[in-house]
2 protein chains.
Amino acid sequence: MSETRNVDNFRATPLPAYQRIAAALRDRITSGELAGGERLPTEQELTEEWGVARQTVRNGIAVLVSEGLVVARRPLGHFVRQRENMLYRPQGESRDQPASPEMDRFCQQITEEGRKPSQTIDVSLIHAPPDIAQRLQVDPGTVVVARRRVRYINGEPVNINDSHFPFHLVKDSEIMSPADVARGTNQALADLGYPQDRAIDEIFTRMPTPEQIRRLGLGPGTPVAVHYVTGYIADGTPVRCTVNVLPSDQHVIVFERKFERTWS
Amino acid sequence: MSETRNVDNFRATPLPAYQRIAAALRDRITSGELAGGERLPTEQELTEEWGVARQTVRNGIAVLVSEGLVVARRPLGHFVRQRENMLYRPQGESRDQPASPEMDRFCQQITEEGRKPSQTIDVSLIHAPPDIAQRLQVDPGTVVVARRRVRYINGEPVNINDSHFPFHLVKDSEIMSPADVARGTNQALADLGYPQDRAIDEIFTRMPTPEQIRRLGLGPGTPVAVHYVTGYIADGTPVRCTVNVLPSDQHVIVFERKFERTWS
DNA sequence: GCGGCAACATTGACTAGACATTGTTCGGGC
DNA sequence: GCCCGAACAATGTCTAGTCAATGTTGCCGC
């Protein structure tokens, strides 16, 4: 096989073969020559085309898989991944921010064409994990109410949405029932005497934990965005901490900001 | 798009060895037994411990690397990655949103302890790529001003920040000079008669392109957040489109929202 | 026509090696 | 003491194979 290797230009150290294979395939994908959903050459074909061992080809493909560009569908082959973005609009939850014409434009671009949403809800009392405890300003291990949702579209899980409330605030309320709260839990909280005045949004991006991979049925090479929303009432007491986990290949997070005092 | 969904609550066949190795190491890391910066057992040691071939051990470690939990430092071994978050606060750019006490709390938690920031600025005229053109509502290929910044802390690149303006708006202005604009480009835009009234924020998370890996010196297993800000003046005309690229292992994106009409 | 079964193609997992590459360490020469 | 080079230890790359797992396809019997 060493003959075919001479084709390289003589650089200090040429890129290893598997990276050259990955780069060549990546180019064909990003250039559009291989479109979303299309099948890549089989490992066998690539082995012959490049004159390397099958394992080397597999290493190259593994690079693309970990970049989220390619998925395997055994035993059919490897396929270029389809990306299809879906809007995720944190501000939509508060129903009081009238969308501006520009916002509408953005929303229209990614329309939901007859997708069927559904969800599962599970309410339980848990000891607050550190991240939640810190945001709700309680001691870690304090009992809080966790309202865990997984949202589906056309049967596919797309979104984890876990809301946490201090137990004494929502005890015996509607929020404790594992059913949809039609008017929204924020309205329900307000009805209990805790109207939220403001919220802080934090967004992290990470590779998912195995637990998140399981709950969202994720493929490899898919990072997730973790979005914390901590809601406060007027006196600064936090009353809600929501954790949203979004597979990044399905969501765009969109905010709109108005500048109260304009630059003048 | 069901592409890859492993819904394996029950597994007839036991997990493959490399995944068991990965899981065992991951447990030791997340439990804190192996702390950030610590060295993993060598491949040789793991090979003997598990009684498998070296390649199998390597596959297991590769899983952790692609999850961003582990990095290799040849020829010393594999090390548990240190994560250190830094605040990224889009609203900070507008200097008119007084931070609430809660916001301050969040900022204080991640203090910058004597870090030395620096940046490079590069201004050029470019043909608008599709993503920018769409947001500035111009035809793709139209000439726009690109003000490209890379921000460094302690000499390490941490952030790409590319602002784009329609050429005719900023022609001959201070914005065209490749130097820092002390009062901020938004103020400069306002002084030119284009005060921004509102902005739309979009956040995507992706595995980085090779180009982004190069500019930010990223390691493997690091997703990036791509943050677009499109600024509009009162009549709805977009006057600015900024693209921020943030390595996710270094940033938390933080927003604060005030509810104009409170749930009552 | 139709249900079920077997062959098939393809990826997945793994082995047992070889040689390359590269920071580190340490000892010898000056 | 200091510099340089060699040995070293660890990961990086690659080969050539074996056997397993699994959707798909098409054939066969009914």
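Given the structure is predicted, the values throughout are model-derived calculations rather than measurements. Protein chains get the first letters and strands the later ones, always in sequence-line order, with residue 1 at the start of each.
A donor-acceptor contact shorter than 3.5 Å is absent between the side chain of A:Arg28 and the backbone of A:Leu34. Remark: the backbone N or O of B:Thr42 is paired with a side-chain donor or acceptor of B:Glu45 at under 3.5 angstrom. Proximity of a side-chain donor or acceptor of A:Arg39 to a complementary backbone N or O of A:Leu76 within less than 3.5 Å is detected.
Across residues 44-66 of chain B, B:Arg54, B:Gln55, B:Arg58 each have a non-hydrogen atom less than 4.0 Å from an atom of DNA chain D (numbered order).
Annotation: side chain of A:Val80 is in contact with side chain of A:Leu40 (closest heavy-atom distance under 4.5 Å). Annotation: side chain of A:Val144 is in contact with side chain of A:Ile126 (closest heavy-atom distance under 4.5 Å).
Taking atom CG on B:Leu40 and atom P on D:dA10, their separation rounds to 13 Å, with Å as the unit. At whole-Å resolution of the value, CZ in B:Arg73 and P in D:dG12 are 13 Å apart. What separates CZ of B:Phe79 from P of D:dA9 is a distance of 16 Å, to the nearest Å. To the nearest angstrom, C1' of D:dT15 lies 13 Å from CD1 of A:Ile21. Counting to the nearest Å, the P atom of D:dG23 and the CZ atom of A:Arg74 are 7 Å from each other. Note: CG (B:Leu15) to C1' (D:dA21) measures 15 Å, nearest angstrom. As a whole-Å value, the separation of A:Gln19 CD from C:dA20 P is 19 Å. At whole-Å resolution of the value, OH in A:Tyr18 and P in D:dT11 are 15 Å apart.
Mapping A:Leu76 and A:Pro16 onto DNA chain D by nearest heavy atom places A:Pro16 closer to the 5' end of the strand.
If you run salt bridge (charged side-chain N to carboxylate O under 4.0 Å, His left out) between A:Asp122 and each of A:Arg149, A:Arg147, A:Arg148, only A:Arg148 comes through.
The side chain of B:Ala72 lies closest to D:dG12, out of C:dT11, D:dT22, D:dG12. Of the candidates D:dT11, C:dC14, D:dT13, the closest approach to any side-chain atom of B:Thr42 belongs to D:dT11.
In this structure, A:His78 does not reach the C:dA9 phosphate: none of its side-chain N or O atoms is under 4.0 Å from OP1 or OP2.
B:Arg26 pairs by the side-chain contact (heavy atoms from CB on, under 4.5 Å) definition with A:Pro210, B:Ala23, B:Thr30, B:Val63, B:Leu64, B:Glu67, B:Leu69, not counting sequence neighbours.
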